[in-house]
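Note that this is a predicted model, so its numbers are computed, not measured.
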Amino acid sequence: LADEMGLGKTLQVISLLLSSKEEGISLIIMPASLLRNWETEIHKFAPEMKTLIHSGSKRTGIAKGFNGIDVVLCSYETAVNDWSLLEDISWNVIALDEAQAIKNPRSRRSNIIKDFNCRVPIAITGTPVENYLTDMWSIYEFILPELLGSQETFEEDFENTVAAAEELGRIVANFTIRRKVADVAKDLPAISQALIPFDLSPELQNEYEEIYDPARTFELSTTLRTLCAHSHDNSNFKSFKEAPKAARLREMVTEIYSQGQKLLIFASYSKVIDF
């Protein structure tokens, strides 16, 4: 599963886990920083599935500790440390998020994870090839080892060239979902942009006019942008809160939050974020 970022790889995997829930317990291995995100997404889209984050000092040391659990979440480091426990379980699905973590076929991590038993192996990564074509070979050794043969044969047949990469792409096409944002852009709603002008307060406007010099526009651009962003050194919480754009932002946040939607706020200056 190699869709570009933002096209729903997590949700696709959750859908598969839900549809095959009766086949047994599944395992998702990922960087530790993603454990809570996966737990949250599963609870949101498949609340009927029971999940367990297998991490920390309280993690179980026996297979019975997973009884009643549908999906076990663990980090790559934990999977390596607890290999003797995890390899004794016949998993329904094993999904590797950020699967480029096993791109080195000679690493201990790669070898241990590829020894786990499962009905359906899935690799999830938006960057299936980071450095060399052997990155893809190593991932496919986990998914379908017979497809690309031995590493030695593969490296002889596929040098790190564009032509070889295109040929490799044709071979793995039937086993890879690779959508790009540009390919599905026509199915996405059009971007709607609203540019909202705001007047500076009289005090800031006076300060702006004192600083502004037509002959030094480029030199002063950062200073003027900082002033307009209300992140200059004289700014404080009260003055920022009263700024027209901050007040409008609070209104938008309240409206969006009341509708159960999400928003992403970008700021050019960290001091503005602190407010």
Side-chain angles (χ1 to χ4, degrees), residues 1-105 107-128 138-145 175-177 260 262:
L1 184 54
D3 288 343
E4 287 186 340
M5 186 175 65
L7 297 184
K9 294 189 290 294
T10 301
L11 184 54
Q12 291 179 71
V13 172
I14 293 174
S15 299
L16 173 65
L17 296 177
L18 186 59
S19 67
S20 64
K21 179 172 174 260
E22 302 306 320
E23 298 290 342
I25 186 172
S26 294
L27 173 68
I28 307 178
I29 306 175
M30 67 201 75
S33 60
L34 298 180
L35 288 169
R36 291 298 175 185
N37 180 69
W38 268 97
E39 181 185 49
T40 300
E41 294 297 289
I42 292 175
H43 287 173
K44 177 179 179 180
F45 293 108
E48 58 269 53
M49 289 201 300
K50 295 181 180 179
T51 62
L52 172 69
I53 294 181
H54 180 67
S55 69
S57 58
K58 295 182 179 180
R59 64 186 187 272
T60 183
I62 58 175
K64 288 184 179 180
F66 295 141
N67 286 351
I69 301 299
D70 297 309
V71 184
V72 175
L73 311 174
C74 81
S75 68
Y76 284 100
E77 290 72 18
T78 300
V80 171
N81 292 334
D82 291 357
W83 65 269
S84 59
L85 166 65
L86 300 179
E87 74 169 3
D88 282 343
I89 300 173
S90 294
W91 302 96
N92 170 31
V93 174
I94 293 183
L96 308 183
D97 196 7
E98 301 293 346
Q100 64 271 22
I102 63 165
K103 67 183 180 182
N104 180 359
S107 69
R108 183 167 179 259
R109 170 195 295 170
S110 194
N111 289 319
I112 285 176
I113 289 174
K114 290 172 185 179
D115 279 341
F116 293 164
N117 299 312
C118 71
R119 187 178 68 89
V120 179
I122 300 176
I124 311 162
T125 173
T127 54
S138 187
I139 291 173
Y140 264 91
E141 188 184 32
F142 167 73
I143 301 170
L144 194 62
F175 307 96
T176 303
I177 298 175
K262 296 181 180 181

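- K103 is not listed as a side-chain neighbour of T125, based on a closest heavy-atom distance of 4.5 Å or more.
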Given I25 and W91, is the side-chain contact (heavy atoms from CB on, under 4.5 Å) satisfied, shown in steps? CA-CA 6 Å; I25 186 172; W91 302 96; 3.8 Å; yes
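- Although no hydrogens or angles enter the test, the distance criterion places a donor-acceptor pair under 3.5 Å between the side chain of N92 and the main chain of S20.
- Under a cut-off of 6.0 angstrom, the local environment of CZ in R36 is sparse, with at most 12 non-hydrogen atoms contributed by other residues, nucleotides or ligands.
- In this structure, the side-chain hydrogen bond (donor to acceptor under 3.5 Å, both in side chains) partners of T176, at least two apart in sequence or on a different chain, are Y140.
- Expressed to the nearest 0.5 Å, how far CD1 of I29 lies from CZ of F116 amounts to 5.5 Å.
- Residues K114 and S110 have side chains that bring a donor and an acceptor to within less than 3.5 angstrom of each other.
- Between atom CG of residue L35 and atom OG1 of residue T78 there is a gap of 7.5 Å, rounded to the nearest 0.5 Å.
- Proximity of L85 to F66: side-chain heavy atoms (C-beta onward) are separated by under 4.5 Å at one or more points.
- Screening D70, I69, L73 against L52 for a side chain to side chain contact (heavy atoms under 4.5 Å, CB included) leaves a single residue, I69.
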Do I89 and V72 pass the side-chain contact (heavy atoms from CB on, under 4.5 Å) test, and can you show the C-alpha distance, the side-chain angles, and the key distance before you say yes or no? CA-CA 12 Å; I89 300 173; V72 175; over 6 Å; no
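- Scanning all heavy atoms of the two residues, the minimum distance from P121 to R119 falls at CD-O, 3.9 Å.
- Within 6.0 Å of atom CG in L144, more than 12 heavy atoms from other residues, nucleotides or ligands are found, so the atom counts as buried in its surroundings.
- Side chain of T51 to backbone of V71: no donor-acceptor contact under 3.5 angstrom is found.
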Run the salt bridge (Lys or Arg N to Asp or Glu O under 4.0 Å) test on E41 and K44 for me, step by step, so that the C-alpha distance in whole Å, both residues' side-chain angles and the decisive distance to 0.1 Å come before the verdict. CA-CA 5 Å; E41 294 297 289; K44 177 179 179 180; 5.3 Å; no
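- Between atom CG of residue L34 and atom CD of residue E98 there is a gap of 6.0 Å, rounded to the nearest 0.5 Å.
- Interatomic distance, L86 CG to I112 CD1, rounded to the nearest 0.5 Å: 10.0 Å.
- Enclosure of atom NZ in K21 by more than 12 non-hydrogen atoms of other residues, nucleotides or ligands within 6.0 angstrom is indicated.
- In this structure, S75 contributes its side chain and A32 its backbone to no donor-acceptor pair below 3.5 Å.
- Q12 and I177 get closest at one heavy-atom pair: OE1-CD1, 4.3 Å.
- Rounded to the nearest 0.5 angstrom, E48 CD and L18 CG are separated by 5.0 Å.
- For the pair I102/S107, no side-chain contact is recorded, criterion being any heavy-atom separation below 4.5 Å from C-beta on.
- Closest approach of Y76 to A99, counting heavy atoms only: OH-CA, 3.7 Å.
- We find the CG-CG distance between L16 and L11 to be 11.5 Å, quoted to the nearest 0.5 Å.
- Using a 4.5 Å heavy-atom cutoff, the side chains of W38 and V13 are in contact.
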